[in-house]
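Here is the structure we will look at, set down as structure tokens.
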Amino acid sequence: MRFLLDTEQRAFTESLDALLRAADTPSVVRDWGRGEHAAGRALWSRIARAGVFALAVPEAYEGVGPLPVELAAAFVELGRHAVPGPLAETVAAAVLLAGLDDPGPAKRLLPALVSGEAMATLAGPGSYALDGDAATTLLSYDGGELRLAPGHGPIRPSLDPARRLTPLAAGGERLATDPPLATALTWARLAVAAQALGVGLALLDRTVAYVKQRTQFGVPVGSFQAVKHRLADAKVALEFARPLVLGAALTLAPADVAAAKVTACEAAYGTARTALQLHGAIGYTAEYDLSLWLTKARALRTAWGSPGECRAEVVSGGPRRR
Amino acid sequence: MDLTHSPADEAFRAEARDWLRTHVPPEPLPSLETEEGFAAHRAWEAELSADRWSVVNWPEEYGGRDAGLLRWLLFEEEYYAAGAPGRVGQNGVSLLAPTLFDHGTREQRARVLPPMARGEVIWAQAWSEPEAGSDLAALRSGAVRTDGGWLLSGQKTWSSRAAFADRAFGLFRSEPNAPRPHQGLTYVMFDLRAPGVTVRPIGRLDGKPAFAELFLDEVFVPDEDVIGEPGQGWRIAMSTAGNERGLMLRSPGRFLASADRLLGLWEARGGPVSERDRVADALMGARAYQLFTYAAASRFLEGSSVGPESSLNKVFWSEYDIALHETALDLLGEEGESTDTAWAEGYVFALAGPIYAGTNEIQRDIIAERLLGLPKGRR
Ligand SMILES: Cc1cc2nc3c(=O)[nH]c(=O)nc-3n(C[C@H](O)[C@H](O)[C@H](O)COP(=O)(O)OP(=O)(O)OC[C@H]3O[C@@H](n4cnc5c(N)ncnc54)[C@H](O)[C@@H]3O)c2cc1C
């Protein structure tokens, strides 16, 4: 038992962090939200070159995976830097394609996902695919059939301006029957959990920095106990979500992943509420970068499983610990 | 990064499980906050100790198994899963013993630890005073030099289990004119039945005498019962206070077992949807605490020391414990009101969690200032 990231894993996340820090993600996010994808695509290929999408893809299809722990650690960084795009969806699509009985579609589609040339999104009947306008591989599933959708419908705005919701067009090439949707859902939830944890950590960092320099009544507002205690509670929630995310990556048990998803998303959302409150009015503006994380925390909370659905999975799906 | 235990660790776990299966009393013992229950729990400590299960992580020479942190965690998981009794020697084992390992003399360890391991001497913590709660350094009880030792006078309060315990350890002001309140304090061990000691039990919420006030009138303490240097008591006491908040006081095993029982209770009540989310929260919280502790243990085994993160722990488990028990009482409905259930006893016990071992407000200050780096404000 050694429940800690090893040196190599830490070095990987640190290099990803450095890459994203240098990328000016806030301006990338704002472009993305306006439907201008060039900067986002460029960032996406750098993330792919760092090896992130390869982590979800087996070697047979030019990946290095499946490496769920590394993937989770990487997604924490993507969340910390508010990277836009169908990130969890691309992971879920990769897992779905790699799990098909017929290796044909995987051979054809996965190498481009690994290299970052393509990004994928997916949706079932009546639900939205994230960023169908930007994604190049659109997967739709319905009644046990998986298809390559021919296009997407009108774009609906999300509470998170960087998330663009798109229904997928019906029809298209049939890739498989009985695709392993449950496995893909597990990976999507794991990715979202890690991303949400990163969003929460960023919100906490930014708020701590803000309350140290914002003064009122002649002192930094961060010296007031009411302010400190809200931030301390956010820290507790995030630090106890982190081991659930990494533990879920190790076991990949659906109940563990659901627990990680709901705990990380609740912690991030709670931190978002605290962050907004402690920034005062400036936090309530779209211009100020904090908004990029605030709105994402809300959106991720229900993406790929609401808190209630995840909790139901925890009580029913989970074998007893002992 | 992995969560699997080595075959040797699993063998240790299996040995503990086997022993517990044949030894855990079939019926729960009476509450350890009563005289009768206290005696029964003392006997249980002796039984544990006879096969060296009472303090598994201590060195063998003091009655332990030198088992290390990880095996201690596994032991605790087995212990609570087996439904074994609460530990009456907790204060001594989790607070005084680590202090003696770090700051005591060889002679003190040899004299104090083995009877502690056997439950023969149960220790009470005499830190708080009527005017010194969160602001512990405001304590006024004094220690005055005398031939071969010290004379203690003053009043201590909220001393857990002191109503039935044998000895106590605590801080006393030995240099009344020291420039700062944290200076000139001396850490001593004393006998609760020594001449000059009056113990007045205090009933907690449900009336059980779970703690006591101590009135001290020139109580003699020999020099060999001073821990560390006289005057250095604050530093010595604080160096091990992390143990109280951290994992040694509340191991995850206890919460894993409780959450599992809560799930069982929920299922037995027909799995009402209204309580489903809270049951899920209990399961997730126990797992989160277990994994958080495994991460902390991994860091600890690689040489880092327990720091202010123990405040994260304390806030988490104390709030968690209350939520878990509230859920159980709600599931029990009317039955939950009756105080003779284990859930009701656990609930009353849990309610104190955010108050003792440093209130949660104080812990949040520590988190904010030492972990988040926020400026110190007025205390
Ligand atoms: C069940 C139980 C067992 C105990 N066992 C022991 C024992 O064995 N030995 C022992 O020595 N003591 C024991 N205690 C005492 C415990 O350590 C104290 O209760 C604790 O330190 C708080 O002190 P107080 O009760 O005087 O509260 P106070 O310090 O008076 O605090 C009252 C309230 O004010 C808040 N407050 C105080 N200062 C601040 C501040 N700076 N910022 C924000 N809020 C503040 C507190 O958080 C609390 O909510 C026990 C207590 C309980 C409930």
Side-chain angles (χ1 to χ4, degrees), chain A residues 1-6 9 69-70 73 204-205 207-209 211-212 219-225 227-251 255-256 258-260 262-263 266 307-308 310-316 318 320-322, chain B residues 1-6 9 70 77-78 81 256-257 259-260 263-264 266-267 271 273 276-281 283-299 301-302 309 311-313 315-316 319 360-361 363-369 371-378:
Chain A
M1 204 285 308
R2 184 185 178 279
F3 189 56
L4 284 181
L5 293 178
D6 63 30
Q9 289 165 332
V69 172
E70 283 76 0
L204 179 62
D205 279 355
T207 309
V208 165
V211 301
K212 277 192 210 173
V219 291
V221 294
S223 63
F224 297 127
Q225 217 172 31
V227 168
K228 283 181 184 170
H229 286 195
R230 282 196 77 155
L231 290 168
D233 283 336
K235 173 83 175 160
V236 171
L238 292 167
E239 288 307 327
F240 281 86
R242 189 199 300 271
L244 280 183
V245 171
L246 292 173
L250 274 175
T251 69
D256 287 349
V262 64
T263 306
E266 298 281 74
C310 290
R311 287 188 170 100
E313 175 78 44
V314 170
V315 291
S316 65
R320 296 228 189 155
R321 295 279 154 226
R322 307 214 34 86
Chain B
M1 169 148 214
D2 78 295
L3 279 170
T4 56
H5 300 294
S6 72
D9 290 345
L70 202 52
E77 286 178 15
E78 293 304 321
L256 288 167
D260 212 24
L263 179 63
W266 180 74
E267 285 167 351
V273 177
R276 188 196 64 199
D277 286 359
R278 295 163 78 198
V279 173
D281 285 345
L283 292 167
M284 297 189 294
R287 177 72 166 165
Y289 188 50
Q290 179 193 37
L291 294 178
F292 181 92
T293 305
Y294 280 173
S298 301
R299 277 195 297 273
L301 293 170
E302 287 179 8
E309 321 75 79
S311 296
L312 295 172
N313 244 23
V315 171
F316 184 85
E319 307 277 4
N360 284 9
E361 285 72 30
Q363 301 314 311
R364 288 184 174 102
D365 280 351
I366 296 175
I367 293 166
E369 288 168 14
L371 292 175
L372 299 178
L374 293 174
K376 271 193 184 284
R378 270 191 55 113

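In what follows, chains are A, B, ... by sequence order, proteins preceding strands, each numbered from 1.
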request  = For residues Asp2(B) and Arg2(A), determine if any side-chain heavy atom of one lies less than 4.5 Å from a side-chain heavy atom of the other.
outcome  = yes
inquiry  = Between Glu302(B) and chain A, with a heavy-atom cut-off of 4.5 Å, which part of the residue counts as in contact: side chain, backbone, both or neither?
reply    = side chain
request  = Please confirm whether the backbone N or O of Gly308(A) pairs with a side-chain atom of Arg276(B), one donor and one acceptor, at under 3.5 Å?
outcome  = yes
task = Name the orientation class of the two ring planes belonging to Tyr294(B) and His5(B) (parallel below 30°, tilted from 30 to 60°, perpendicular beyond 60°).
result = perpendicular
Heavy-atom proximity to chain B below 4.5 Å, by part of Val219(A) = neither
Selection from Leu231(A), Asp233(A), Val211(A) maximising heavy-atom pairs under 4.5 Å formed with chain B = Asp233(A)
Nearest heavy-atom neighbours spanning Ala234(A) and Leu204(A) = CB-CD1, 4.2 Å
ask   = Between Asn360(B) and Phe316(B), is any pair of side-chain heavy atoms under 4.5 Å apart?
value = no
ask   = By a 4.5 Å heavy-atom criterion (distance strictly below it), what part of Leu70(B) contacts chain A: side chain, backbone, both, or neither?
value = side chain
Electrostatic pair Glu266(A)-Arg311(A), nearest N-O below 4.0 angstrom = yes
query = When only pairs under 4.5 Å are counted, which of Val279(B), Asp281(B), Leu371(B) shares the most heavy-atom pairs with chain A?
reply = Asp281(B)
key: Engaged part of Val208(A) at the chain B interface, taking heavy atoms whose separation is under 4.5 Å   = both
query = Does any heavy atom of chain B fall under 4.5 Å from the side chain of Leu250(A), the backbone, both, or neither of them?
reply = side chain
ask   = Considering only heavy atoms, which portion of Ala237(A) lies under 4.5 Å from any heavy atom of chain B: side chain, backbone, both, or neither?
value = neither
